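This report concerns only the one structure given below.
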Amino acid sequence: MYTSKIYIKSPVFIQNIFISFLNLTKKILRSTSSVDVFTKKLIENERSEVKLNKYCEEKLITVLNNARDNSPYYSYSKSAEINLLNFKYITKDEVFNCSDKILNSNIKGRRIKGQTSGTTGKALTIYQNLESIRSEKAFNNRQRLWAGYEKGDKRAWIRGDVIVPLNQKKAPFWRYSYFENMILLSSFHMTKDALQLYIDEMVDFGVNIIQAYPSSIITLAKHLENTNQYYGGNLKSIITSSESLTSIDKKIIEERFNCIVFDWYGLFERVAAIASCEHGRYHILSDYSHVELLTVGKTEDGRDIAEIIGTNFNNLLFPLIKYKTGDHVILSNESECPCGRVFPIVESIEGRVGDYLVGEDKQEIHILNHIPKGVLGILACQFIQRKDLSVEINVIADQSLFSEIEKNKLIFNTKKRIGHSLKVIVVEVESIKRTKNGKFKQAIREF
């Protein structure tokens, strides 16, 4: 949308106008009275176990009936009783190969075609209709309400939109959406020298809430930490989504921006959503989808690790039943949260299945967040693994802190995880490679 020659060659003020009207059009399509009604219903149910369970049971029956009756892929279930147990698990490869059979051809009207980011290798084509998109909007509205959003608040948006031409080398690296009272800042231009400009612009704009990729906001938080600063504006909250957020990074962000981070886990497949509340607990949003947690292993301290298996509630056009996401959570011993919401709780979300390195014994090493822990001067880092299993660590660094000692500490920490026989080098870079959607991959394997 923002990569057309006309947009790229237009003056900044024209780009601002284009973005403003584009976002206004999206807002008109998505912000209907039915969305407001659905948002209120979601809020009414979230603290009542009776209401929530009744709602979820009815939704599950509806989606199972719809899949069995209208989607050729699930025809195998027609002779059985409508019960989730009578449906098979479905994998990403099966969705990739059978999307035409999954599609419900009996639903007429406009179909919106979209793709997943493809961070684990294959980009899936997913179909939605306006009803599905508006349902998603209601859940987004509720998440912003959890984070304290009020009409008229100013927002900052630091995600994957290419709102600034990629070849632009000088500020401003942001644009404005006037009708939404929002500043959009580019994730693709966050070089070390530009970070303070991002901070200053958000303060000057008077931002109340920041919505960002975790990799973008932690880069800014580490800049503040390394320069002994705290964010100068008055923020209500920060909402993160679309990438993994570690507890270590969350703590740094909250400290340097002096507000609570509300983290959101979701997928374009719309089969699961997990949101953190004001008390920092992660809640499985059981009114968003039906989620099964399939135990696959244990942490070093004995806690269960489970894969997320999801059944979507809000996309009858493209029903996904018992979809294996490949994403993992660590289970919690808590059954209640001080926030009073009755959703199930998990301890943490442990990253995407694609973000792993291969160790010297050919083992997969998924949790890499602890490698840079305690190393001073790192603003962001990314692991690149070659075919011979050697690892290159690209680092955006504050050179006043990232000394040779710190560099060696990073190398040692990496070898401790993957094996001391493997070669590890550190390369200081101006920016980190991102996917076409602006997402940050913690690890890239060239094999």
Side-chain angles (χ1 to χ4, degrees), residues 23 26-27 30-31 35-48 52 135-159 174 176-185 198-199 201-214 216-218 220-221 224 230-243 245 247 249-266 273-288 336-343 345-346 348-349:
N23 285 342
K26 290 179 181 178
K27 185 177 180 180
R30 297 174 184 177
S31 299
V35 173
D36 294 337
V37 170
F38 188 32
T39 303
K40 289 178 182 177
K41 183 178 181 62
L42 295 175
I43 294 169
E44 288 172 3
N45 291 347
E46 66 182 23
R47 286 184 166 86
S48 169
L52 184 64
S135 294
E136 188 72 14
K137 175 65 175 174
F139 283 97
N140 291 337
N141 285 348
R142 183 176 67 179
Q143 176 68 356
R144 289 198 303 188
L145 290 172
W146 283 21
Y149 175 79
E150 296 175 288
K151 188 176 180 181
D153 280 347
K154 292 184 177 181
R155 289 184 292 146
W157 183 268
I158 321 174
R159 291 176 54 82
W174 45 82
Y176 294 92
S177 182
Y178 298 124
F179 300 115
E180 291 193 297
N181 220 6
M182 183 166 66
I183 179 173
L184 297 87
L185 302 102
Y198 280 64
I199 297 290
E201 193 64 26
M202 287 193 293
V203 172
D204 290 345
F205 186 62
V207 169
N208 302 112
I209 291 177
I210 298 174
Q211 292 179 254
Y213 281 164
S216 297
I217 197 67
I218 188 57
L220 294 173
L224 291 172
Y230 293 88
Y231 183 75
N234 186 20
L235 289 175
K236 289 183 175 182
S237 61
I238 293 172
I239 301 173
T240 54
S241 62
S242 303
E243 297 172 342
L245 176 69
S247 58
D249 287 347
K250 185 172 184 284
K251 183 178 179 182
I252 295 171
I253 296 166
E254 290 183 336
E255 180 182 277
R256 291 294 154 175
F257 283 90
N258 193 31
C259 67
I260 296 173
V261 172
F262 291 79
D263 190 31
W264 170 278
Y265 161 90
I274 302 173
S276 67
C277 68
E278 60 271 26
H279 293 277
R281 271 62 165 192
Y282 278 95
H283 296 275
I284 297 174
L285 303 183
S286 49
D287 52 0
Y288 182 92
E336 295 181 355
C337 179
C339 75
R341 299 179 182 93
V342 294
F343 300 116
I345 301 170
V346 293
S348 61
I349 305 159

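Not measured: the values here are computed from a predicted model.
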(message) Please evaluate residues K27 and E180 with respect to the criterion salt bridge (charged side-chain N to carboxylate O under 4.0 Å, His left out), reporting the C-alpha separation (whole Å), side-chain torsions for both, the decisive distance (0.1 Å), and the verdict.
(response) CA-CA 9 Å; K27 185 177 180 180; E180 291 193 297; 5.5 Å; no
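- Atom CG of D36 is surrounded by more than 12 heavy atoms from other residues, nucleotides or ligands within 6.0 Å.
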(message) For a side chain to side chain donor-acceptor pair (under 3.5 Å) check, start with the C-alpha distance between R159 and S216, then their side-chain angles and the critical distance, and finish with the verdict.
(response) CA-CA 8 Å; R159 291 176 54 82; S216 297; over 6 Å; no
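- To the nearest 0.5 Å, the span separating CG on D263 from CD1 on I274 amounts to 9.5 Å.
- Looking at residues two or more places apart in sequence or on another chain, you find a salt bridge (Lys or Arg N to Asp or Glu O under 4.0 Å) between K250 and E254.
- Inter-residue side-chain proximity for R155 and N181 is flagged as unmet; no heavy-atom pair is nearer than 4.5 Å.
- Residues M182 and K154 have side chains not in contact (no heavy-atom distance under 4.5 Å, counting atoms from C-beta outward).
- Contact detail for A147 and I209: the closest heavy-atom pair is O-CD1, 4.1 Å.
- A distance of 7.5 Å separates CD1 in I345 from SG in C277, rounded to the nearest 0.5 Å.
- Side-chain contact between S241 and Q211: absent, with no pair of heavy atoms (C-beta onward) separated by less than 4.5 Å.
- Taking every heavy atom of both residues into account, S31 and K137 meet most closely at OG-CE, 3.8 Å.
- Sorted by first and then second residue, the salt bridge (Lys or Arg N to Asp or Glu O under 4.0 Å) pairs involving residues 276-288 (not counting sequence neighbours) are R142-D287, E278-R341, R281-E334.
- Using cut-offs of 30° and 60° on the angle between ring planes, the pair W264 and Y288 is perpendicular.
- By the 4.5 Å heavy-atom criterion applied to side chains, Y176 and I183 are counted as neighbours.
- L52 CG to E44 CD: the interatomic distance, rounded to the nearest 0.5 Å, is 12.5 Å.
- Between R30 and E136 there is no salt bridge, since no side-chain N of the basic residue sits under 4.0 Å from a carboxylate O of the acidic one.
- Other residues, nucleotides and ligands contribute only 12 or fewer heavy atoms inside 6.0 Å of the NZ atom of K41.
- The environment of N258 atom CG is sparse: at most 12 non-hydrogen atoms of other residues, nucleotides or ligands sit within 6.0 angstrom.
- Note that SG of C259 and CD1 of I210 are 6.5 Å apart. Values are rounded to the nearest 0.5 Å.
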(request) Please lay out, stage by stage, how F257 and Y230 fare under the test ring pair (Phe, Tyr, Trp, His ring centres under 6.0 Å). (result) CA-CA 6 Å; F257 283 90; Y230 293 88; over 10 Å; no
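- Taken from CD1 in I239 to CG in N140, the straight-line distance is 9.0 Å, to the nearest 0.5 Å.
- Across all non-hydrogen atoms, the minimal contact from D153 to G148 is OD2-O, 3.9 Å.
- Each of E255, R256, M202 was compared with Y231 under the side chain to side chain contact (heavy atoms under 4.5 Å, CB included) criterion, and only M202 meets it.
- Under the 4.5 Å side-chain criterion, counting only non-hydrogen atoms from C-beta, T39 is in contact with L145.
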(request) Apply ring pair (Phe, Tyr, Trp, His ring centres under 6.0 Å) to F38 and F139, showing your working. (result) CA-CA 9 Å; F38 188 32; F139 283 97; 5.7 Å; yes
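- Just one residue in the list L220, I238, L184, T240 forms a side chain to side chain contact (heavy atoms under 4.5 Å, CB included) with I158, and that residue is L220.
- Counting heavy atoms from C-beta on, the side chains of H283 and C337 come closer than 4.5 Å.
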(message) Determine whether Y282 and V346 satisfy the following criterion, side chain to side chain contact (heavy atoms under 4.5 Å, CB included), listing intermediate values before the conclusion.
(response) CA-CA 6 Å; Y282 278 95; V346 293; 3.7 Å; yes
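- Counting heavy atoms from C-beta outward, V207 and L235 have side chains that approach closer than 4.5 Å.
- The shortest distance between side-chain heavy atoms of Y149 and K236 does not fall below 4.5 Å.
- Atoms OG and CG, on S276 and L245 in that order, are 8.0 Å from each other to the nearest 0.5 Å.
- For S177 against N23, the heavy-atom pair with the smallest separation is OG-ND2, 3.1 Å.
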